[in-house]
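Within every chain, numbering begins at 1; the chains are lettered A, B, ... in the order of the sequence lines, protein sequences first and strands thereafter.
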Amino acid sequence: MIVLSNNDGCAVARTAEAKALGIRMGAPMFQIRDLCRREGVRVFSSNYALYGDMSARVNAVYRDFSPRIEIYSIDESFLDLSDVRPDQRGSLARDMRSTVQRWTGIPTCVGIGPTRTLAKLANHIAKKNPGLSGVCDLSDASVRAAWMARVELAEIWGVGAAGARKLMALGARTVADVASLDPRRVRQAMTVVGERLVHELNGHACLDLEQMTPTRKGCAVTRSFATRVTDLPTLLQAIAAHATRLGEKLRREGLVTDHVTVFFHTSPHDPGTARSVSTTAGLPEATNDTLVLTSAAQDAARRIWKDGYRYAKAGLITTDLVPLANAQRALIGGYDRERSAALMAALDACNARFGRGTVVPASAGIVDQRAWATKFEMRSPRYTTRLDETPVIRAA
DNA sequence: TCTGGGGTCCTAGGACCC
DNA sequence: TCTGGGGTCCTAGGACCC
């Protein structure tokens with residue numbers, strides 16, 4: 001089985017069987033379609049609603065085990081176990097793992113270590129060594145040293161392709177080698193990020209548990225089109241849809257922006273002349289009002305539109321986000337915050353209850369989404385969040 | 001012949017994460 | 001025909017201030 005990226009573009013998750021068939025990470029679907037058909041590979045679109053809901057359920061279980069938790073990504077969390085006696089951490093981890101399995105059906109691995117980098121390493125070891133039954137505890141220094149000598153440095157959290165090359169140039173090959181490097185030399189090659197990494201591998205924490213998610217600094221909505229877009233009205237519909245989504249994301253976090261960057265471009269894979277353009281529209285006053293964002297973004301897109309190209313992707317990017325309460329009011333050309341807030345709340349409530357896109361601004365135009373809306377043609381049911389997609393059981 | 005010594009802010013680009 | 005979508009952090013260098 002494989003799962004595809006947005007727009008059913010590339011294989012981004014593969015079972016062991018799919019990997020054995022030679023399906024590579026990121027393989028374009030159109031290149032492996034025949035193989036999948038021939039070998040009976042089950043192919044699924046991404047199902048973000050399902051992933052988000054299952055993630056929340058798993059984290060709810062974690063919270064029962066440690067109230068001090070950092071949700072790091074959709075499928076990883078850090079838990080503070082410093083109040084748990086070292087000799088009891090392993091059994092707690094096994095208990096947690098089986099509880100998650102029983103209550104959600106999700107298989108997990110647990111890595112334990114004195115720093116976040118070592119916990120990540122422990123998790124990697126747990127995943128790769130079935131004999132450990134999904135739990136690896138690197139609290140003990142001698143146990144740790146033995147494992148670190150057996151893992152290649154490229155597996156270290158924070159070491160990518162460039163970092164791996166630099167560390168090898170310093171003569172390191174394994175994680176243990178990196179831990180024994182002089183932090184100052186690593187800093188010269190990899191800035192302070194590299195120096196922190198060495199300290200973390202030696203059990204000295206440089207990265208704290210971040211229980212409070214800091215308010216985000218930027219927000220983007222960008223999508224490839226289902227098919228190439230060659231006319232302005234279609235592009236403007238996509239821009240309106242992206243602006244609508246952007247407004248939703250900002251409102252959910254109580255943030256506003258006073259400028260939005262619009263971009264669109266042709267595909268780097270297409271023959272012919274490429275075109276990639278962007279422009280930034282300033283707003284009189286920071287806002288998260290969908291109507292304001294939509295018209296500003298559409299105006300900006302009109303300014304840089306040019307016929308004669310087959311556009312593949314468009315997006316909106318905002319930076320310098322500010323909490324609504326801290327946002328400077330405009331002396332001239334502002335908007336009525338109270339009216340806007342009431343209207344947006346009604347809009348969000350409708351769309352939350354009846355599905356995204358139920359109510360959209362008329363300024364977005366008559367919408368025919370088929371040309372540009374992202375493809376999810378093989379999505380599994382949203383079992384846990386949509387009543388009409390729950391499994392049906394019939395008794396004969 | 002000779003041309004100071006501090007600061008801050010912004011941006012682009014690189015590197016990394018999931 | 002067809003190739004994903006988000007994020008964060010760090011540094012160097014330019015531009016500016018007094």
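- Distance A/Tyr48 OH to C/dG6 P: 9 Å, rounded to the nearest Å.
- The side chain of A/Lys313 contributes no N or O atom lying less than 4.0 Å from OP1 or OP2 of C/dT3.
- Straight-line distance from the CG atom of A/Leu250 to the C1' atom of C/dG6: 14 Å, rounded to whole Å.
- Residue A/Arg187 is classed as having no contact, given no heavy-atom separation below 4.0 Å to the nucleic acid.
- Considering only the side chain of A/Thr191, C/dC10 comes nearest among C/dC10, C/dG5, C/dG4.
- Of the candidates C/dT1, C/dG4, C/dT3, C/dG4 carries the atom nearest the A/Ser5 side chain, counting heavy atoms from C-beta on.
- Residues A/Met29 and A/Ala220 each lie close to DNA chain C; by heavy-atom proximity, the contact nearer the 5' end of the strand is made by A/Met29.
- The phosphate of C/dG6 has neither OP1 nor OP2 within less than 4.0 Å of any side-chain N or O from A/Arg216.
- An OP1 or OP2 oxygen of C/dC2 is reached within less than 4.0 angstrom by no side-chain nitrogen or oxygen of A/Lys375.
- Contact check on A/Arg116 versus A/Glu200 returns no salt bridge, with no Lys/Arg side-chain nitrogen under 4.0 Å from an Asp/Glu carboxylate oxygen.
- Out of C/dT3, B/dA15, B/dC18, the shortest distance to the side chain of A/Glu76 is found at B/dC18.
- Taking atom CZ of A/Arg116 as the reference point, atom P of B/dC18 lies 11 Å away to the nearest angstrom.
- Residue A/Lys120 places at least one side-chain N or O under 4.0 Å from the OP1 or OP2 atom of B/dC18.
- Distances were taken from every side-chain heavy atom of A/Phe30 (C-beta onward) to each of C/dC2, C/dG7, C/dC10; the shortest belongs to C/dC2.
- In the set C/dG6, B/dC18, B/dC16, the nucleotide with an atom closest to the side chain of A/Ala162 is B/dC16.
- Comparing C/dT3, C/dC9, C/dG6 by their closest approach to the side chain of A/Lys217 singles out C/dC9.
- Stem analysis of DNA chain C (Watson-Crick or G-U pairs, both distances under 3.5 Å, runs of at least three) returns B:5-18 with C:5-18.
- Spacing between atom CD of A/Glu253 and atom P of C/dG7 amounts to 9 Å, rounded to whole angstrom units.
- To the nearest angstrom, P of C/dG4 lies 12 Å from CG of A/Asp8.
- Atom CZ of A/Arg302 has more than 12 neighbouring heavy atoms from other residues, nucleotides or ligands inside a 6.0 Å radius.
- For A/Thr227 and C/dT1, the shortest distance from a side-chain N or O to OP1 or OP2 is not below 4.0 Å.
- Judged purely by atom type and a 3.5 angstrom limit, A/Thr227 uses its side chain to pair as donor or acceptor with the backbone of A/Ala371.
- Taking the side chain of A/Ser224 as heavy atoms from C-beta on, and the options C/dC2, C/dC10, C/dG5, the nearest nucleotide is C/dG5.
- Judged by the 6.0 Å distance and 45° axis criteria, A/Arg275 is not positioned over the aromatic ring of A/Tyr311.
- For the pair A/Trp157 CH2 and B/dA15 C1', the interatomic distance rounds to 15 Å; values are reported in whole Å.
- Checked against a 6.0 Å centroid threshold, the rings of A/Trp103 and A/Tyr62 do not count as neighbours.
- Taking the charged nitrogens against the carboxylate oxygens, A/Arg216 and A/Glu253 do have a contact shorter than 4.0 Å, which makes a salt bridge.
- Nucleic acid contact for A/Gly163: sugar-phosphate only, since backbone atoms but no base atoms lie under 4.0 Å from a heavy atom of the residue.
- Comparing the P positions of B/dT3 and C/dC18 gives a spacing of 25 Å, expressed to the nearest Å.
- Where A/Gly218 and A/Asn6 meet DNA chain C, the nucleotide closest to each residue was compared, and A/Asn6 sits on the side nearer the 5' end.
- The backbone N or O of A/Ala240 lies less than 3.5 Å from a partner atom in the side chain of A/Thr244, making a donor-acceptor pair.
- Note that CG of A/Asp307 and CG of A/Asp231 are 8.5 Å apart. Values are rounded to the nearest 0.5 Å.
- Residue A/Arg196 places no side-chain N or O under 4.0 Å from the OP1 or OP2 atom of B/dC16.
- Residue A/Lys249 places at least one side-chain N or O closer than 4.0 Å to OP1 or OP2 of C/dG7.
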For this session: In sequence, state the C-alpha distance, the side-chain angles, and the governing distance for A/Arg144 and A/Asp140, and then conclude on salt bridge (Lys or Arg N to Asp or Glu O under 4.0 Å).
Result: CA-CA 6 Å; A/Arg144 195 156 74 225; A/Asp140 181 81; over 6 Å; no
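- Between A/Arg165 atom CZ and B/dG14 atom C1' the separation is 12 Å, expressed in whole Å.
- One can place CZ of A/Phe225 at 20 Å from P of C/dT1, the figure rounded to the nearest angstrom.
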